[in-house]
2 protein chains.
Amino acid sequence: MGATIKDIAKLAGVSPGTVSRVLANKTGFFSAQTGEKVRAAAKELGYQKNTAAAELVTRQSNVIAAIVNSTKTNFASPIIEGIQAEAHLHDLNVIIVYAGDDDPEQQRRALTTVIERPVRSILLLSVDLSADNLQLLQSAQIPFCFLSISFDDIQVPYITSDDWQVGYQATQTLLQRGHRGIGLAGVDSDFHTGRQRVSGYRQAMQEAGIRVQPAWVQLGDYSYAAGQQAMQAYGADTALTAVIGASDMAAVGVLNQARSLGLQVPTDLSILAIDGTTICDLVQPALSSISQNFYEMGVAGVRQVSAPDDTSQKITPIKLVERQSIRRLK
Amino acid sequence: MGATIKDIAKLAGVSPGTVSRVLANKTGFFSAQTGEKVRAAAKELGYQKNTAAAELVTRQSNVIAAIVNSTKTNFASPIIEGIQAEAHLHDLNVIIVYAGDDDPEQQRRALTTVIERPVRSILLLSVDLSADNLQLLQSAQIPFCFLSISFDDIQVPYITSDDWQVGYQATQTLLQRGHRGIGLAGVDSDFHTGRQRVSGYRQAMQEAGIRVQPAWVQLGDYSYAAGQQAMQAYGADTALTAVIGASDMAAVGVLNQARSLGLQVPTDLSILAIDGTTICDLVQPALSSISQNFYEMGVAGVRQVSAPDDTSQKITPIKLVERQSIRRLK
DNA sequence: GCACGTTACACAAACGTTTGCAATGCTGAT
DNA sequence: ATCAGCATTGCAAACGTTTGTGTAACGTGC
């Protein structure tokens, strides 16, 4: 409906090509006077560029797509902020599309939505693609990068924390404070990330000469409910003095369930969360955490797809943030 | 780079037009045999449709855009879920773009990102547009609808809760439980939404014959910090027995600050949150809330822009959800 | 055998932009 | 006067798709 470049051309008395050059600011290709005329005409007509047409001929766009797996993961926010900030630096726009929660059909839908238009690149936030969909993505010839997820079976670019270190340092942190009965709650063992965390945990325990009881590692899906269930399984008279929540949400689940069981945190039980999102500061006691640098992941992701380099798998740093949920044992 | 419709045509030995019809499933325009041939060829070439080209000629797309004002608002999730669910019913895809936080420049950027391509419609989640940007939006001739925000000064379609009722019912709830000293914390008076809530609050108090002290209404921006500051202002020896948090986050701020001041919730102070997102269940005690139906807002928003009808301003229901943060006074 | 419908396809225009190339006019040097 | 070089602009092709129109081929009923 809106005015086109031709309308402007007519109004300004120049050719469409010239209008295009002026609007794209291809300096050196037109006189200052013409520039003024064209811009005035464009403004008068309320011109809005038709990007579809432009993308059709240039075969590239300035939008980068972020695919997120669920609206529920609270750590998506800082990643997206990082993506936005870095993208704006490169004068790129960001669109986000949701891929549901482990639903291959929704994943496919999200993928085709972005692949069918010439997006510059694709960032996948913590989404675990089905084999079909991964192939779809790879065949699209668009630069992509996974964020906050890692793989051992396939060779794709990803940026994440060192999950083994996450597990190891979390455990070390508690060991150093005198704990020996340490649980790991709500962790997933189906995917690489979870397996790595468990592995780091086991290594730290082994180095400390502690034999990990099977019930100490409670599997789950990182959710609040998974944390609750884990704590329920440990029980009120658990031998554990500390629990590592596999995520912030899981840790909060542990916290609340512990309270239901009559345990005081951190007096009776220490809790260490993994992630370090804002939620750690919202609950009481505030949860100490092994914090990931999600913002940096977003930034690094944009850099990676903008200028893919040799090392396509990168690690962002983690750090311990002490709050109030860990007690030092004698 | 990818295969085009012409490549398929050549391979299948038909014309591009026919290929287009087959792929668009315009049944009746081709024989079963041709259909098979074309589909086989498309598969073999790994054909991916170029939506930009299609949108160029049809002048419409099947994507609807959601503009959200910040990654921080936690109620965006259920709205987006509602949007997704309803959009998928209509076979529409959803893209989300962030408009920053009250930054006109970022708003403009987000707007042009979506306007420059033929999106079907635009949903604005709780974003308060500057005058310029509103005009930009309106001049784009794309159906739009504001969600979770209301206006009294301009005439635009929006869907939200009845904010006056929110304030009124929240206050009523506490009055009915015997409270008379009731604060309102973290509410914004610059925009319609906040003013309405305050107005509902005042009306309920007046009906109960209670004179509202100026300090009882603590203004803010609905944030956690605003809640904290409000509670700080009330002080440990406040005359209030109950506080309404203007949002969940504000309520949590009130809760934690109250605890810092040595007040027990709900024993010493009752708290009622407004919004009712998942965060109410995460903290201890779980916060009772006047809950908005955000999911429904998303659904209604998609319906509104899909089939705009006469009444362009709609109200979604609210309800009281009792948890553990309100004490009944004698 | 003819008129008429139907089916199944090809043809070509159109969408709004970008961009290589050609054309024009001008400047200044030869 | 001629010409090279440059600045400025117009021209037209191209991007990949959709869709209205044209047209064969093939019945069908008389």
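Chain letters run A, B, ... following the sequence lines, proteins first and then strands; every chain starts at 1. When reading the values below, keep in mind they use all heavy atoms of this one structure, side chains included, and skip hydrogens, waters and symmetry mates.
- For the pair Gln60(B) CD and dG16(C) P, the computed distance is 14 Å after rounding to whole Å.
- dG16(C) atom P lies 8 Å from atom CG of Asp7(A), rounded to whole Å.
- Residues forming a ring pair (Phe, Tyr, Trp, His ring centres under 6.0 Å) with Tyr158(A) (at least two apart in sequence, or on another chain): none.
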Discussion item. Does the protein touch nucleotides 8-15 of chain C at the base, only the backbone, or not at all? Give it as B, S and - per nucleotide, heavy atoms under 4.0 Å.
Written reply: SBBB---B

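- Shown here are the side-chain contact (heavy atoms from CB on, under 4.5 Å) partners of Gln135(B), two or more places apart in sequence or in another chain: there are none.
- Rounded to an integer number of Å, the gap from Glu55(A) CD to dT17(D) P is 14 Å.
- The ring pair (Phe, Tyr, Trp, His ring centres under 6.0 Å) test applied to Phe151(B) returns Phe146(B), not counting sequence neighbours.
- If you measure from atom CG of Leu45(A) to atom P of dG16(C), you get 14 Å, rounded to the nearest angstrom.
- In this structure, Arg120(B) has no salt bridge (Lys or Arg N to Asp or Glu O under 4.0 Å) partners at least two apart in sequence or on a different chain.
- Here the C1' atom of nucleotide dT8(D) and the CD atom of Glu36(A) are 17 Å apart, to the nearest Å.
- For the side chain to side chain donor-acceptor pair (under 3.5 Å) condition, the pairs that include at least one residue of residues 15-30 of chain B, sequence neighbours left out, are Ser15(B)-Thr18(B).
- The salt bridge (charged side-chain N to carboxylate O under 4.0 Å, His left out) pairs that include a residue from residues 138-154 of chain B are Asp152(B)-Arg195(B), where partners are two or more places apart or lie in different chains.
- For the helix from dG1(C)-dC30(D) to dT30(C)-dA1(D), the terminal axes (five pairs an end, C1' atoms, rotation from four pairs onto the next four) enclose an angle of 60°, given to 10 degrees.
- Using a 4.0 Å cut-off between a side-chain N of Lys or Arg and a carboxylate O of Asp or Glu, Glu55(B) and Arg117(B) do not qualify as a salt bridge.
- Heavy-atom distances under 4.0 Å link DNA chain C to no residue of residues 111-122 of chain A.
- Take Ala54(B) and apply the side-chain contact (heavy atoms from CB on, under 4.5 Å) test, not counting sequence neighbours, and it matches Lys49(B).
- In this view, Arg109(B) and Asp91(A) satisfy the salt bridge (Lys or Arg N to Asp or Glu O under 4.0 Å) rule, not counting sequence neighbours.
- Residues forming a side-chain contact (heavy atoms from CB on, under 4.5 Å) with Glu36(A) (at least two apart in sequence, or on another chain): Arg39(A).
- Residue Ile5(A) contributes atom CD1, which lies 15 Å from atom P of dC11(D) at whole-angstrom precision.
- Between Leu23(A) atom CG and dT17(C) atom C1' the separation is 11 Å, expressed in whole Å.
- Regarding contacts with the backbone of dG16(C), every side-chain N or O of Lys49(A) stays at 4.0 angstrom or more from both OP1 and OP2.
- Side-chain contact annotation: Thr316(B) with Glu296(B), donor-acceptor N/O pair under 3.5 Å absent.
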